[in-house]
Amino acid sequence: QVQLVESGGGLVQAGGSLRLSCAASGRTFSNYAMGWFRQAPGKEREFVAVISWNGSTTNYADSVKGRFTTSRDNAKNTVVLQMNSLKAEDTAVYYCAAASKYYSGSYQYNYHYWGQGTQVTVSS
């Protein structure tokens, strides 16, 4: 089992920045690729970003490319999502999730462990 806890959400004005963190415990963190997803009210959960087990590869949804950056520190068992130039449409609950080590895709059902989510609200 892997336990994931997100933090860093909050209320920010459009154009601002937020930094989300996800702390992992349980099994060896470096055995997992880590993804970020979000779910806005009334919408399906959608992929945001993924980072490979060693941090060498990242992929982003087109909607956040160039604005969001994910990174990880395997020594600290944490993954971060830096969100810049935030827009009202980025408002959602953000989740981190863990997938098998060599996975780097966006299919949510390939992610086996999920955090409880953290709310991000962007005011326009």
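In this chain, numbering begins with 1 at the start of the sequence shown. Every value quoted in this text rests on a predicted model; they were computed, and no experiment measured them.
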Practice task
Check whether F47 and L20 end up in the same hydrophobic cluster, where Ile, Leu, Val, Met, Phe, Trp and Tyr are linked by side-chain heavy atoms less than 4.5 Å apart.
Solution key: no

Exercise for the section: Can you measure from OG (S124) to CG (L86) and round to the nearest 0.5 angstrom? Expected result: 12.5 Å

Completion exercise
The ring pair (Phe, Tyr, Trp, His ring centres under 6.0 Å) partners of Y103 (sequence neighbours excluded) come to Y111

Fill in the blank from the handout: OG (S85) and CZ (R67) are apart, to the nearest 0.5 Å, by 7.0 Å

Practice task
List for me each residue that meets side-chain contact (heavy atoms from CB on, under 4.5 Å) alongside V93, sequence neighbours excluded, and say none if there are none.
Solution key: Y95, Q119

Handout entry: Flag, side chain of T70 to backbone of V80, donor-acceptor distance under 3.5 Å
Key = yes

Practice task
Answer yes or no on whether R27 is positioned over the face of Y113, meaning its NZ or CZ is under 6.0 Å from the six-membered ring centre and within 45° of the axis.
Solution key: no

Practice task
Any chance you could measure M83, atom CE, to R19, atom CZ, to the nearest 0.5 Å?
Solution key: 11.0 Å

Practice task
Examine V50 and F37 and state if one hydrophobic cluster contains both, with Ile, Leu, Val, Met, Phe, Trp and Tyr joined whenever side-chain heavy atoms are less than 4.5 Å apart.
Solution key: yes

Practice task
Look at the side chain of N59 and the backbone N and O of S104, then say whether any donor-acceptor pair between them is shorter than 3.5 Å.
Solution key: yes

Problem - Rounded distance (nearest 0.5 Å) linking atom NZ of K101 with atom CH2 of W53 - result: 4.5 Å

Fill in the blank from the handout: A97 and L4 have their tightest heavy-atom pair at CA-CD1, 3.8 Å

Completion exercise
Closest heavy-atom pair, R72 versus S52, reported as atoms and distance to 0.1 Å, is NH1-O, 2.9 Å

Practice task
Determine, using the 4.5 Å side-chain heavy-atom cutoff (strictly less than), whether M34 and Y102 are members of one ILVMFWY cluster.
Solution key: no

Practice task
Determine the minimum heavy-atom distance between S17 and N84, stating which atoms define it.
Solution key: OG-OD1, 2.9 Å

Problem - D90 versus R38, closest heavy-atom pair with distance - result: OD1-NH1, 2.9 Å

Exercise for the section: May I ask you to say whether K65 pairs ionically with D62, meaning some side-chain N is under 4.0 Å from a carboxylate O? Expected result: yes

Handout entry: Residue pair Q3 / Q1: nearest heavy atoms and the distance that separates them
Key = NE2-CB, 3.4 Å

Problem - Spacing of K76 atom NZ and F29 atom CZ [to the nearest 0.5 Å] - result: 12.5 Å

Exercise for the section: Could you tell me whether W36 and F68 have their ring centroids closer than 6.0 angstrom? Expected result: no

Problem - Spacing of E6 atom CD and L81 atom CG [to the nearest 0.5 Å] - result: 11.0 Å

